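Working notes, structure below.
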Amino acid sequence: TSSSSTSGKVTVAVESARCQVKDNSLFSTYTYENAVVEKKEDGTLKVKPTSTDYEFKLDLSVPKTGLLLIGLGGNNGTTLAASIFANRQKMKFDTKQGEIEANYYGSVTQSSTIKLGVDADGHDVYAPFNEVVPFVHPNDLVVGGWDINDANLKEAAQRAQVLEVSLQQKLSKQMESIVPMPSIYYPDFIAANQTERANNLINPKGSAIENDKWAHVEKIRKDIKEFKSKNCLDKVVVLWTANTERFSGLIDGVNDTAENLIKAVKQSHEEVSPSTIFAIACILDNIPYINGSPQNTFVPGCIELAEKNNSFIGGDDFKSGQTKMKSVLAQFLVDAGIRPISIASYNHLGNNDGYNLSAPQQFRSKEISKASVVDDIIASNQLLYNDKLGKKIDHCIVIKYVQAAGDSKVAMDEYYSELMLGGHNRISISNVCEDSLLATPLIIDLVVMTEFLSRVSYKKKGVQDTEFEPLHSVLSFLSYWLKAPLTRPGYTAINGLNKQRTALENFLRLLIGLPSLNELRFEERLH
Ligand code: NAI
């Protein structure tokens, strides 16, 4: 059905001794340089540069890829499906401001560029992000998914009130033909106000498998297998964009290890959430699983299960509006030597996400996720945050449901900071986020990047007889798009947006044999 397949398009040709194509794979060598720092007793820091040689391998063939969304009938789910259909057909539609042609604005992979180098005159030259190495194109994704509500996507998009009416009309036939697969519903995990939506269930009340959680895992595995074979897919990525759940209690013997977690599912333990059930089903079959909501789907046992199965996971919670600004602004203030003392963040929104978040336990999940975003930024500057001055920013988060706001979430933030000699600076931001139009391009990026990262493998150079290995199961390269980045156990999250983007750019560069980006600009600055 794809009329403009552009998966795998590459417009960058590198001549580098550090990379070569062999057997449809791109091999490159890279010297990873860092420094190990040791704090001496007298407070001085002893720094020793380190370097490690790696060999990377990128499989150049882009697989036929499917995307299964949990929450397909929601605002994000319907907007995602519509955006792919509209772009695939290069659709034009009328708005009050005139004709719009479908695009993927807001997507890093589809609508941004990365710097390659300089031209003969020393001026920067950029290339589209997705034309440096082969990526799957979103137009080629086969989309499906689950929802606890049985509305077809035409009705669901009407309910969402996100898309221009003229676009809804143009897409109506295609959207109408898609009905989400039944899903699993444990009423205790999402707000009670969602009950009336739950009419499309694998485990309806009174059914034989109502409370049989292992049967739910098996059903999801079967759904994925059938979707894959019916659409002749090579690869499937599954992503949670369903309602925010409450946190699962972390209980020793239940979800602390992979083995205990599987046992708990088999005993249908009440603390195993629907999102963890989906994650387990995916992990068992090596299907990458991304969590776009704030809840702790990835309990320690779930992460261990992914590591054991070499299966990819990523999360948590899309970083779309307010938090994205925060991860730029807080970093900027602290890096400028200014000392933020308080950040007050208000939100009001009127979509179903807001309705669900109006329940205390679901709000709590969101609050935790939003609050963590400045932690690493504070920790990076001991001159501004220390035992004497205090190590915290007073960070307050409020979310209110105001139906009239619909999907146009309003975010108001005040950054109050200390300047030199007792002065103060107050920055106030009012940000209207058309929520799903911001979140949908993030879903596209998460899927495109996950598919891509799963084609990369590496080995340490000079180590004899080792095989190329995949990246670690926890795909923290995805942090750019996530509010509370999941990290490999033992590591802390990096939230600063620029750091996250730098990692992505340099990773693409090293795969094509280019050195990491630096902004030294010697062409200009030296004679
Ligand atoms: P929504 O409420 O419109 O859609 C969620 C959908 O999930 C609904 O259709 C609901 O019926 C369905 N659902 C609930 N439980 C389910 C289950 N167990 N299985 C299958 N489907 C289930 O919400 P929206 O606006 O699409 O957001 C989705 C999620 O993404 C929310 O958790 C939200 O917090 C998160 N998110 C959204 C952002 C944004 O839109 N900018 C930013 C960050 C996170």
Side-chain angles (χ1 to χ4, degrees), residues 68-81 106 144-153 155-157 159-162 179-191 193-203 216 219-220 223 238-246 272-279 281 290-295 297 315-324 347 349-359 362-363 365-367 369-370 373 399 401 406-409 411 431-443 446 481-484:
L68 283 171
L69 295 177
I70 308 148
L72 179 62
N75 286 22
N76 289 344
T78 51
T79 308
L80 182 283
W146 302 265
D147 204 290
I148 54 170
N149 185 263
D150 69 354
N152 66 49
L153 293 199
E155 294 160 359
R159 172 176 66 193
Q161 302 180 5
V162 172
V179 178
M181 294 183 274
S183 190
I184 44 180
Y185 177 53
Y186 307 156
D188 178 40
F189 278 89
I190 58 174
N193 62 28
Q194 300 294 312
T195 313
E196 59 191 66
R197 256 179 118 103
N199 64 3
N200 189 39
L201 307 183
I202 288 171
N203 62 329
H216 305 163
K219 174 70 168 82
I220 302 301
D223 286 347
V238 174
L239 182 143
W240 178 278
T241 180
N243 286 22
T244 295
E245 297 173 333
R246 69 164 171 84
V272 183
S273 64
S275 64
T276 301
I277 294 287
F278 273 96
I290 314 293
N291 176 31
S293 300
Q295 72 274 344
T297 302
D316 298 316
D317 204 8
F318 305 125
K319 180 157 80 170
S320 57
Q322 184 179 48
T323 311
K324 190 176 249 169
N347 299 263
L349 70 168
N351 54 19
N352 189 54
D353 178 30
Y355 194 38
N356 181 61
L357 293 177
S358 63
Q362 285 66 30
F363 164 71
S365 297
K366 201 59 148 190
E367 187 183 36
S369 163
K370 279 180 172 270
V373 70
I399 303 177
Y401 177 64
D407 205 57
S408 292
K409 177 169 91 187
N431 180 1
V432 178
C433 320
E434 287 198 79
D435 235 9
S436 300
L437 296 176
L438 282 180
T440 295
L442 270 51
I443 297 180
L446 286 164
W481 296 278
L482 298 158
K483 265 204 267 295

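Fair warning: this is a prediction, and the values are worked out from it, not measured in the lab. Note that ligands are numbered from 1 as they come in the structure, with each ligand's atoms numbered from 1 the same way. Excluded from the calculations below are hydrogen atoms, water molecules and symmetry mates; all remaining heavy atoms, backbone and side chain alike, are included.
Among all protein heavy atoms, the one lying closest to atom 11 (O) of ligand 1 is Asp147 OD1, 2.6 Å. The nearest protein atom to atom 27 (O) of ligand 1, hydrogens excluded, is given as Asn76 ND2, 3.4 Å; this is a heavy-atom distance.
Atom CD of Glu155 is surrounded by more than 12 heavy atoms from other residues, nucleotides or ligands within 6.0 Å.
When the options Ser365, Ser293, Ser275 are evaluated for a side chain to side chain donor-acceptor pair (under 3.5 Å) with Glu245, the one that passes is Ser275.
If you take CD1 on Ile277 and CD1 on Ile220, they are separated by 8.5 Å, rounding to the nearest 0.5 Å. One distance of note links OG1 of Thr78 with CG of Asn76; it measures 8.0 Å at 0.5 Å rounding.
For ligand 1, the atoms sitting less than 4.0 Å from at least one non-hydrogen atom of Thr244 are 31 (C), 32 (O), 33 (C), 34 (O), numbered in the order shown with element in parentheses. Near Lys366, meaning under 4.0 Å from one of its heavy atoms, ligand 1 places the atoms 33 (C), 34 (O), 36 (N), 43 (C), 44 (C).
Neither the backbone nor the side chain of Phe189 comes within 4.0 Å of ligand 1, counting heavy atoms alone. Residue contacts with ligand 1, taken as heavy atom pairs separated by less than 4.0 Å, involve Ile184 solely via the backbone atoms N, CA, C and O. Only side-chain heavy atoms of Ser183 come within less than 4.0 Å of ligand 1; its backbone N, CA, C and O stay farther off. When heavy-atom distances to ligand 1 are checked against a 4.0 Å cut-off, Lys409 has no atom that comes that close, whether in backbone or side chain.
Note on ligand 1: Ile70 sits in its first shell, one or more heavy atoms being nearer than 4.0 Å. Ligand 1 does not have Leu438 within reach: every non-hydrogen atom of the residue lies 4.0 Å or more from it. For Lys483, the heavy-atom gap to ligand 1 drops under 4.0 angstrom.
Taking any N or O of Trp240, backbone or side chain, none lies under 3.5 Å from an N or O belonging to ligand 1. For ligand 1, the polar-atom distance check finds an N/O of Ser293 within less than 3.5 Å of one of the ligand's N/O atoms. Residue Tyr185 has no nitrogen or oxygen atom sitting less than 3.5 Å from a nitrogen or oxygen atom of ligand 1, judged on distance alone. Residue-to-ligand polar distances keep Ser436 apart from ligand 1: every N/O pair is separated by 3.5 Å or more.
Residue Gln295 comes nearest to Thr244 through the heavy atom pair OE1-CA, 3.6 Å, listed as atom of the first residue, atom of the second, then distance.
A tilted orientation is assigned to the rings of His216 and Tyr186, their planes being inclined by 30° to 60°.
Checked by atom type and distance alone, the side chain of Arg159 pairs as donor or acceptor with a backbone atom of Gly73 at under 3.5 Å.
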Quiz prompt | Audit row: Gln161, Asn351, side chain to side chain donor-acceptor pair (under 3.5 Å) steps and yes/no | solution = CA-CA 9 Å; Gln161 302 180 5; Asn351 54 19; over 6 Å; no
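Put simply, the side chain of Tyr185 reaches to within 4.5 Å of the side chain of Thr195, judged on heavy atoms. The shortest distance between side-chain heavy atoms of Trp240 and Thr297 does not fall below 4.5 Å.
Residue Ala242 holds the heavy atom nearest to atom 31 (C) of ligand 1 of all those in Gly292, Ala439, Gly74, Ala242.
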